Amino acid sequence: NTKCFKRGVNVENTKEIDLTKGNLFLKIPKFVLPLMLTTIFQLLYTTIDLWCVSTFGDGAISMSAIGSNNALINLIVTVLVSLATGANVCISMAKGSGDQKRANRILHTALIVAVVGGVGVGLFGFFMAPILLKLMDTPSSIITKATTYLKIYFLGVPMLMVYNFGSQMLRALGDSKRPMYILIISGLFNVCCDLLFVCAFKMDVKGVAIATVISQFVSAFLTIGWFIINKNGFVRLKLQELKVSKKELLDILRIGLPAGLQGLAFCIPNVLIQSSLYTIKDYYIDGVLISQDEIVAGASASGQIEGYIFAMLDAFAVGLISFTGQNFGAKKKENMRKCYWYSIAWMMIFWVVCAILCATIPNALLSIFIKESEGMVISSAIAAGRQRLYIMGFTYFLDGLMDINSDYLRGMKVSTPPAIITMIGCSGTRILFLLTLFKTTTFHTIFWLYAAFPISWILVNLVYIPVVLVSEKKMFKLIEE
C-alpha cells in the first residue's frame, strides 16, 4: 500500500486497497462485493418504500405512482453517477502514480462541482416535475401522487450528488467498503422515517419521499465528515482549502461530461419506453385480457427485480474503472488487460445465477412486489411482469458486457467514444424502434417493447470490439512513453 511520505502518514491502516498488486482475479470480487451490496441496499430501501405505501398507504395506486417515476429517477441517478466517474478516474490515476497533491486538489474541486451541480439539477427538477410526468404520459389516476413524490425527491438531489461524488472518489482510492457503511446507516434512517411517516402518520407517498430526502442528507453528511476526519488516508478534506482548481476541473469534466451525456442518452429512451408502456391496452396473454393497471404493476415489479440483477452485473464495470485507473497511473498495462478479462468472467458467473433464478421462480419473485388491489388481478399482473422478466433477465449479460467495455475505456481517460457509441447504438436504435415499428399492430406488444433492449445491446457490443482494441493499443503506447 502507498505510504504518504510527504505528510509522514502511513495509509496501510486505512481501508484503501492498492489495486495494482496481488492476485487481481481474487481482488476484483473482494473490491466489487461492497459496490454490489451498496446498490442492493439502495434497492432494498426502495422496496421498503413500496411495501410501506402498498401496505399502509393507498395500495397499488401509490405503488404505481412511485414506480412510474423509476425511469426518470434512474435517468437522474445515472447521469449524476456518470458525472462522478470523472472524479473517480482522475483520483485513481493520481493514486496509482503516487501524486497526493493532485489527488487533494481533485477532491476539493469535485465536491464543489457536486454541490453546485446538485442545486441546479434539484431546482430544475422541482419546478419541471409536473411537465416531465405529463410528457411521459403518466396515467391520470396516479399523476398527482407521482408529482408529489418527484418534487420532494428533487429536493434531495444536491445531497445525492455529494454522496455519489464522494463514494466514487473513495472507490478510486481503493475503499469500496466505506460508501457501503455510509449507505447502511442512511438507509436505516430511511426505513425508520418510512415507518414513522407512512405507518404512523399516514402520509403515504409524501412520507416516503420525505424519508428518502432525509436519508440522502445523512449520507452526504457522513461522506463529507469522513473526508474531514480521514487523517490517515491518501486525501483529506480541509474546508479552508475548498476551491476550484482549473486544471483538475477540466480533467473531471473532460471525463465526466461525456459519461454524463452517455448516461442521459442511455436513459432517455428508457423513459420513452416507460411512457410507451402506457399506450398498450387490451393486451392478451395466453388468452387472458390484461388491463393497463396490471401491465404497469407487472412491469414495475419486473423492473424492481431487474434492478437487483443490474446491481450485481454493473458492479464489475464500476469496479473496473478504479482498477484500470490505478494501474494506468502506475503504468502497469498487463494488469489493465487482466482486470478487463477478469471482470467479464466474474460478471458472467453472477449473470448465470440470476438467469437461473428468473427461469425457475419468476412468479415467486414477482409476487413479492405485486399486491392484490381493487380492479387488479394478481395472476394477470404477474403474467405481464413475467414477459418482461424473461426478456431482460436472460439477456442482461449483454448489458453487463457493454458497461464493462465502456468503463474500461473510461478508466483509461477515453470517455467520448463510449458516449457516442451509446447515443447512436442504444438511444438511436430504441427511439427509432418506438417511432416506427412499435406503432404497428404486430410490434405494439410488451414482448417487442422490451426486446428493444437486448437488440440494442448486441449492436453496441459489436461496435465496442474494434473500439476497445484500437483504444487499448493507443493508450498502452502512452504508458510506454
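For clarity, every value in this text was computed on a predicted model and none was experimentally measured.
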L35/T39 under side-chain contact (heavy atoms from CB on, under 4.5 Å): CA gap, chis, key distance, verdict
CA-CA 7 Å; L35 301 181; T39 307; 5.9 Å; no
Stepwise, does the ring-ring contact (aromatic ring centres under 6.0 Å, His included) test hold for Y396 with W457?
CA-CA 9 Å; Y396 235 126; W457 293 335; 5.4 Å; yes
Apply side-chain contact (heavy atoms from CB on, under 4.5 Å) to residues M136 and L132 and explain how you reach the verdict.
CA-CA 6 Å; M136 291 173 62; L132 294 172; 5.6 Å; no
Output, in order, the C-alpha distance, side-chain angles, deciding distance and verdict of side-chain contact (heavy atoms from CB on, under 4.5 Å) for I182 and S167.
CA-CA 9 Å; I182 291 172; S167 62; over 6 Å; no
Walk me through it: do V79 and L83 pass the test side-chain contact (heavy atoms from CB on, under 4.5 Å)?
CA-CA 6 Å; V79 170; L83 283 170; 4.3 Å; yes
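Taken from CD1 in I76 to CZ in F124, the straight-line distance is 9.5 Å, to the nearest 0.5 Å. Annotation: the span from L19 atom CG to Q326 atom CD amounts to 4.0 Å, rounded to 0.5 Å. Interatomic distance, CE of M347 versus CZ of F397, reported as 8.0 Å (0.5 Å rounding). Atoms CG and CE, from L72 and M128 in turn, are 10.5 Å apart once rounded to the nearest 0.5 Å. The CD1 atom of I91 sits 11.0 Å away from the CZ atom of F165 when rounded to the nearest 0.5 Å. The structure places CD1 of I112 at 10.0 Å from CD1 of I252, a figure rounded to the nearest 0.5 Å.
Around atom CZ of F217, no more than 12 heavy atoms belonging to other residues, nucleotides or ligands sit under 6.0 Å away. Surrounding NZ of K338 are at most 12 heavy atoms belonging to other residues, nucleotides or ligands under 6.0 Å away. Atom CZ of F394 sits in a crowded spot, with more than 12 heavy atoms from other residues, nucleotides or ligands closer than 6.0 Å. Atom CZ of F189 is surrounded by 12 or fewer heavy atoms from other residues, nucleotides or ligands within 6.0 Å. Taking a 6.0 Å sphere around NZ of K177, one finds it holds 12 or fewer heavy atoms contributed by other residues, nucleotides or ligands.
I73 is listed as a side-chain neighbour of Y149, based on a closest heavy-atom distance under 4.5 Å. The shortest distance between side-chain heavy atoms of I455 and T429 does not fall below 4.5 Å. Within the 4.5 Å cutoff, side-chain heavy atoms of D49 are placed close to those of N190. Inter-residue side-chain proximity for P34 and R178 is flagged as unmet; no heavy-atom pair is nearer than 4.5 Å. The closest side-chain heavy-atom distance from R236 to F227 is not below 4.5 Å. Using a 4.5 Å cut-off on side-chain heavy atoms (C-beta onward), L183 and Y163 make contact. In this structure the side chain of C193 never reaches within 4.5 angstrom of the side chain of I210, judged on heavy atoms. Annotation: side chain of L320 is not in contact with side chain of V32 (no heavy-atom distance under 4.5 Å).
Note on ring orientation: taking the six-membered ring where Trp is involved, the planes of F453 and Y450 are parallel (angle under 30°, cut-offs 30° and 60°).
When every heavy atom of V235 is checked against every heavy atom of N230, the shortest pair comes out as O-ND2, 3.4 Å. Considering all non-hydrogen atoms of both residues, K247 and R102 come closest at NZ-NH1, 3.6 Å. Nearest heavy atoms, R105 versus S245: CD-OG, 3.9 Å. Across all their heavy atoms, G393 and C358 have their closest contact at CA-SG, 4.2 Å. Closest non-hydrogen pair, L434 versus S276, comes out as CD2-OG, 3.6 Å. N69 and A146 make their closest contact through ND2-O, 3.2 Å (heavy atoms, listed as atom of the first residue, atom of the second, distance).
For the residue pair D18 / T20, a side-chain donor-acceptor distance below 3.5 Å is found, with atom types taken as modelled. Side-chain atoms of E306 and S302 form a donor-acceptor pair, as typed in the model, at a separation below 3.5 Å.
S427 contributes no side-chain N or O that, together with a main-chain N or O of I424, makes up a donor-acceptor pair within less than 3.5 Å. When atom types are taken as modelled, the side chain of S219 and the backbone of Q216 share a donor-acceptor pair closer than 3.5 angstrom. The backbone N or O of A94 sits less than 3.5 Å from a side-chain atom of S97, completing a donor-acceptor pair. No donor-acceptor pair under 3.5 Å is formed between the side chain of D314 and the backbone N or O of F310. Formation of a donor-acceptor pair under 3.5 Å by the H108 side chain with backbone atoms of K238 is found in this model. Checked by atom type and distance alone, the side chain of K95 pairs as donor or acceptor with a backbone atom of L173 at under 3.5 Å. One N or O on the side chain of K27 and one on the backbone of K21 form a donor-acceptor pair closer than 3.5 Å. Judged by distance alone, with hydrogens and angles left aside, the side-chain atoms of Q100 form a donor-acceptor pair with the main-chain N or O of F234 at under 3.5 Å. At distances below 3.5 Å, at least one donor-acceptor pair connects side-chain atoms of S176 with backbone N or O atoms of F31. W51 places no side-chain N or O within donor-acceptor distance of the main-chain N or O of I368, the cut-off being under 3.5 Å.
Ion pairing between R171 and D175 fails under the 4.0 Å rule for side-chain N and carboxylate O. Electrostatic pairing of K333 and E472 does not count as a salt bridge here, judged by no charged N lying under 4.0 Å from a carboxylate O.
For F350 and F316, the ring centers are positioned less than 6.0 Å apart. Ring-centre distance between F323 and Y340: not below the 6.0 Å cut-off. Ring centroid separation for the pair W346 and F25 comes in under the 6.0 Å cut-off.
Of the candidates L80, V89, T85, T85 is the only one forming a side chain to side chain contact (heavy atoms under 4.5 Å, CB included) with Q168. Residue S415 is tested with Q262, R410, R254 for a side-chain hydrogen bond (donor to acceptor under 3.5 Å, both in side chains); the sole match is R410.
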